[in-house]
Amino acid sequence: MAKYLAKKILGWFAMIFVAVNLTYFLAVLFLDPRSNYAARRPPVPEDRIDAILTPLNLNDKTPLFTRWWDWLSGILFHWDWGKSPIGDSINEQIGYRVWVSAELLLLATFLSVLIGVAIGVYTASRQYKAGDRFFQFTSIVTMNVHVVVASILVVWLAIKINEAAGQNIFYVSGSSSVGVVGFFPKLLDFLQHLALPTISLVIISYAGYHFLQRSMLLDNINADYVRTARAKGLTRNQAVRKHALRTSVIPVATTVAFSIPGIFTGAIMTETIFGWNGMGKYFVETLNNNDIHGVVAVAAFGALMTAVGAILSDIFVVILDPRVRVN
């Protein structure tokens with residue numbers, strides 16, 4: 001297993017290296033930091049723009065190979081991903097925003113998977129009964145609700161709860177309040193800010209896991225190995241839980257693993273609505289600001305998360321399916 005993982009990691013790192021460098025050249029081709037100064041009034045002299053962009057390694061008058069090597073050598077030898085057009089450190093921005101996205105999205109993803117799988121198992125075990133039809137209808141509705149609509153409804157409900165309670169039980173914007181001190185007050189404040197975006201994300205996300213788990217479990221409930229288990233004396237629920245569920249949960253685990261890049265960079269709407277400065281919002285900002293180094297860093301992070309997802313997927317399959325062996 002260790003040898004297999006080492007080969008996978010080396011292969012993924014090679015692909016990440018190629019993809020990140022290709023992204024750099026594409027970003028240089030399509031993004032123009034100089035254009036950030038085009039609409040300034042009064043106009044900024046060209047020599048002044050050169051003086052700003054050159055130390056940041058963003059001056060298009062510098063040969064492309066020179067800029068690329070300065071950028072790449074900074075990463076390889078100093079782990080420095082460069083500066084934005086306004087001089088911000090990309091390392092600091094990514095380090096801060098990754099943590100913000102993790103706070104916002106990991107809990108929502110965990111709850112979505114847990115709720116979706118639980119409902120999928122419940123409905124598959126009661127196919128076409130009232131419970132199955134009710135949850136199918138509910139999941140179809142939530143699956144087709146846009147995140148903006150779900151967020152507005154959640155915010156409206158939270159405002160009504162706050163008004164009824166006469167105090168702020170839920171906070172609508174930001175990830176924390178200013179001036180809160182102490183471990184438990186900070187924890188409570190964090191949960192109050194986290195609740196609404198988490199609920200919004202769970203509403204729109206759990207249904208996919210529900211339908212996938214239900215479909216996979218229905219495919220395995222009547223399989224030969226499940227019937228054999230029941231013939232050996234297990235009840236239907238025991239056979240489903242010990243045998244069919246373990247096999248049918250593999251596609252769900254794989255889906256979750258490969259959704260890791262989207263978990264960090266895909267919640268653009270949610271981060272914008274609730275004022276969380278995470279990776280999704282940062283990616284949009286880098287594009288709008290012609291931030292070449294920022295765009296490449298986000299792409300590199302996404303590629304790294306894809307590699308992590310692929311490796312985790314392989315590990316999940318080996319753990320959940322004893323028939324699979326790797327060398």
Side-chain angles (χ1 to χ4, degrees), residues 96-123 131-132 134-178 180 184-214 252-253 255-284 305:
Y96 167 72
R97 291 172 184 268
V98 164
W99 178 245
V100 171
S101 291
E103 291 176 339
L104 174 62
L105 297 166
L106 291 181
L107 177 61
T109 301
F110 174 77
L111 292 176
S112 297
V113 173
L114 184 65
I115 294 171
V117 170
I119 295 176
V121 173
Y122 176 83
T123 55
D132 180 28
F134 170 78
F135 281 113
Q136 282 202 68
F137 172 78
T138 303
S139 294
I140 289 173
V141 172
T142 57
M143 180 178 284
N144 289 279
V145 173
H146 195 276
V147 64
V148 175
V149 177
S151 299
I152 291 174
L153 291 175
V154 169
V155 168
W156 176 81
L157 181 61
I159 291 174
K160 293 299 181 182
I161 293 175
N162 288 344
E163 291 176 351
Q167 59 181 336
N168 286 330
I169 298 176
F170 301 103
Y171 290 99
V172 174
S173 180
S175 58
S176 62
S177 300
V178 178
V180 179
F184 288 106
K186 285 185 176 181
L187 177 61
L188 178 60
D189 178 73
F190 170 69
L191 294 176
Q192 288 176 302
H193 285 85
L194 182 65
L196 299 187
T198 298
I199 293 171
S200 300
L201 289 169
V202 170
I203 288 173
I204 65 170
S205 302
Y206 86 90
Y209 299 113
H210 162 206
F211 286 121
L212 178 60
Q213 182 62 74
R214 180 181 183 275
V252 179
T255 300
V256 174
F258 276 102
S259 69
I260 291 177
I263 289 174
F264 280 94
T265 60
I268 298 171
M269 290 287 189
T270 305
E271 290 177 358
T272 302
I273 293 170
F274 292 101
W276 285 64
N277 294 315
M279 288 292 290
K281 191 175 179 182
Y282 179 61
F283 184 47
V284 175
M305 291 299 99

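Nothing here was measured: the structure is a model prediction, and the numbers come from that model.
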Report summary line: So CD1 of Ile119 and CZ of Phe134: to nearest 0.5 Å the spacing works out to 9.0 Å
Query - Validation row: Phe190, Val180 side chains within 4.5 angstrom (heavy atoms) - result: no
Query raised in the report: Could you give the distance from CZ (Phe274) to OG (Ser175), rounded to the nearest 0.5 Å?
Result: 13.0 Å
Report summary line: Heavy-atom nearest pair, Pro197 first then Thr270, reads CB-CG2, 3.9 Å
Query raised in the report: With distance as the sole test, does Ser139 use its side chain to make a donor-acceptor pair with the main-chain N or O of Gln136 at under 3.5 Å?
Result: no
Query raised in the report: Which value, rounded to the nearest 0.5 Å, describes the distance between Gln167 atom CD and Ile161 atom CD1?
Result: 12.0 Å
Query raised in the report: Can you name the nearest heavy-atom pair linking Ser151 to Ser200, along with the distance?
Result: CA-OG, 3.5 Å
Report task. Determine whether Val121 and Gln213 make a side-chain contact, defined as any pair of heavy atoms from C-beta on separated by less than 4.5 Å. Result -> yes
**Report entry** Distance (rounded to the nearest 0.5 Å) between Leu104 CG and Leu201 CG
**Finding:** 5.5 Å
Query - Interatomic distance, Gln192 atom CD to Phe170 atom CZ [nearest 0.5 angstrom] - result: 8.5 Å
Query raised in the report: For the atom pair CD1 (Ile199) and CG (Leu111), what is the distance rounded to the nearest 0.5 Å?
Result: 9.5 Å
Report task. Indicate yes or no: at least one non-hydrogen side-chain atom of Val149 is less than 4.5 angstrom from one of Leu153. Result -> yes
Query raised in the report: Tell me, which pairs form a salt bridge (charged side-chain N to carboxylate O under 4.0 Å, His left out) where one or both residues lie in residues 97-122, sequence neighbours left out?
Result: Arg97-Glu285
Report task. Using a 4.5 Å cut-off on heavy atoms from C-beta on, say whether the side chain of Thr142 contacts that of Ile204. Result -> no
Query raised in the report: For Ile169, does its backbone N or O pair with a side-chain atom of Asn162 as donor and acceptor, under 3.5 Å?
Result: yes
Requested in this report: For residues Tyr122 and Arg214, determine if any side-chain heavy atom of one lies less than 4.5 Å from a side-chain heavy atom of the other.
Outcome: no
Query raised in the report: Would a distance-only check, ignoring hydrogens and angles, find a side-chain to backbone donor-acceptor pair under 3.5 Å from Thr123 to Gly120?
Result: yes
Query raised in the report: Between Val100 and Tyr282, does a side-chain contact (heavy atoms from CB on, under 4.5 Å) hold up when you go through it step by step?
Result: CA-CA 11 Å; Val100 171; Tyr282 179 61; over 6 Å; no
Report summary line: Taken in chain and number order and not counting sequence neighbours, the residues that satisfy side chain to side chain contact (heavy atoms under 4.5 Å, CB included) with Ser176 are Asp189
Report task. Taking Thr138 for its side chain and Phe135 for its backbone only, find out whether a donor-acceptor pair lies under 3.5 Å. Result -> no
Query raised in the report: Do side-chain atoms of Glu271 reach the backbone of Lys281 as a donor and acceptor pair under 3.5 angstrom?
Result: yes
Report task. Not counting sequence neighbours, which residues clear side chain to side chain donor-acceptor pair (under 3.5 Å) with Thr109? List them please. Result -> none
**Report entry** Heavy-atom pair with the smallest gap, counting every atom of Val202 and Ile115
**Finding:** CG1-CD1, 3.9 Å
Query - pair Ser177-His193: side-chain heavy atoms closer than 4.5 Å - result: yes
Requested in this report: Verify, without hydrogens or angle tests, whether Ser101 (side chain) and Met279 (backbone) share a donor-acceptor contact under 3.5 angstrom.
Outcome: yes
Query raised in the report: Are side-chain heavy atoms of Tyr206 and Leu114 found at a separation under 4.5 Å?
Result: no
Query raised in the report: Do the non-hydrogen side-chain atoms of Leu106 and Phe110 ever get within less than 4.5 Å of each other?
Result: no
**Report entry** Considering all heavy atoms, the nearest Leu194-Thr198 contact
**Finding:** O-OG1, 2.8 Å
